[in-house]
Amino acid sequence: MGVISFILHIDQNLVLMVNQFGSWTYVLLFLIVFIETGVVIFPFLPGDSLLFAAGAMTALHGSKLSLPILMLVTVLGAILGDSLNYEIGKKIGHQLVKYPRLSKLINQEKLEKAEEFFNTHGGSTIFLGRFIPFIRTFIPFTAGASSMRYSHFAMFNAIGGICWVAVGTLAGFFFGNIPFVAAHFSVVVLGIVAVSLIPVFITAIKSKRVPTN
């Protein structure tokens, strides 16, 4: 309920954060993005809606948040988070039996399929995964566990992180304070999350249609 409440009132929560912590809000935003992308057991944090709401706040007259600093901080959080997640996957990805809670989310069969998927599609999975909630957290972990070269991963990680942050914050900056959007902010944010989940549902439907041998 706490996460849902945070998403539904993310604009109000950000205002409270800025008023209470001032410039330290950048540190909190960095940590939220870093943890969502960097720790495989926290895929539910509201990355997309957070970027949109923070971007909208920077457009307000007299705002204490700066768009360039916001983008720099969250890009760093996104790139460093994925890098950490990659390293975690590399270290423990093939030893999930020792970690019961993680093995329920990602098992050996899924890792083998992921490795085959990476070999077929390459770095595009790292880039595209950025824009899909939940998947965004698991992709770098699986990449590390699948022995994907870090140099290859790092390039797409950086490009994906920059593009994801740019799309989210700039969308908020240009559209977040339009009267209709501002009046229905919670609905718009949930709409953004719902749209970003469409690829997940499409993949799930296709996988159910694929006949098993």
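Residues: numbered from 1 along the sequence shown.
- Across every non-hydrogen atom of Thr37 and Ala78, the tightest pair is OG1-O, 3.8 Å.
- Ring centers of Tyr86 and Tyr150: under 6.0 Å apart, within the cut-off.
- No donor-acceptor distance shorter than 3.5 angstrom exists from the side chain of Ser63 to the backbone of Leu60, with no hydrogens or angles considered.
- For the pair Leu50/Ile32, a side-chain contact is recorded, criterion being any heavy-atom separation below 4.5 Å from C-beta on.
- For the residue pair Val75 and Gly161, the shortest heavy atom distance occurs at CG2-O, 4.2 Å.
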Practice problem: Decide side chain to side chain contact (heavy atoms under 4.5 Å, CB included) for Ile139 and Ile126; before the verdict, give the C-alpha distance in whole Å, the side-chain angles of both, and the deciding distance to 0.1 Å. | Solution: CA-CA 6 Å; Ile139 284 288; Ile126 308 298; 3.6 Å; yes
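- A 4.5 Å side-chain heavy-atom check between Lys64 and Asn19 finds at least one atom pair inside the cut-off.
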Exercise. Could you walk me through whether Phe127 and Cys163 pass the side chain to side chain contact (heavy atoms under 4.5 Å, CB included) test, one step at a time?
Key: CA-CA 9 Å; Phe127 177 82; Cys163 290; 3.7 Å; yes
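- Looking at every heavy atom in both residues, Thr58 comes nearest to Phe173 through OG1-CD1, 3.3 Å.
- Between Ala54 and Leu65, the shortest heavy-atom contact is O-CD1, 4.4 Å.
- The nearest pair of heavy atoms linking Leu51 to Val165 is CD1-CA, 3.9 Å.
- Distance check: Phe34 CZ to Thr74 OG1 gives 14.0 Å after rounding to the nearest 0.5 Å.
- Contact check for Phe21 versus Val27: no side-chain heavy atoms found under the 4.5 Å cut-off.
- Note: Asp82 CG to Phe153 CZ = 4.5 Å, rounded to the nearest 0.5 Å.
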Practice problem: Verify side chain to side chain contact (heavy atoms under 4.5 Å, CB included) between Ile79 and Trp164, making sure each step is shown before the conclusion. | Solution: CA-CA 10 Å; Ile79 293 175; Trp164 176 58; over 6 Å; no
Quiz prompt | Derivation of the side chain to side chain contact (heavy atoms under 4.5 Å, CB included) call for Leu67 and Leu170 | solution = CA-CA 8 Å; Leu67 182 62; Leu170 292 177; 3.9 Å; yes
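- Thr25 OG1 to Met57 CE: the interatomic distance, rounded to the nearest 0.5 Å, is 8.5 Å.
- If you check the side chains of Ser83 and Asn157, you find a donor sitting under 3.5 Å from an acceptor.
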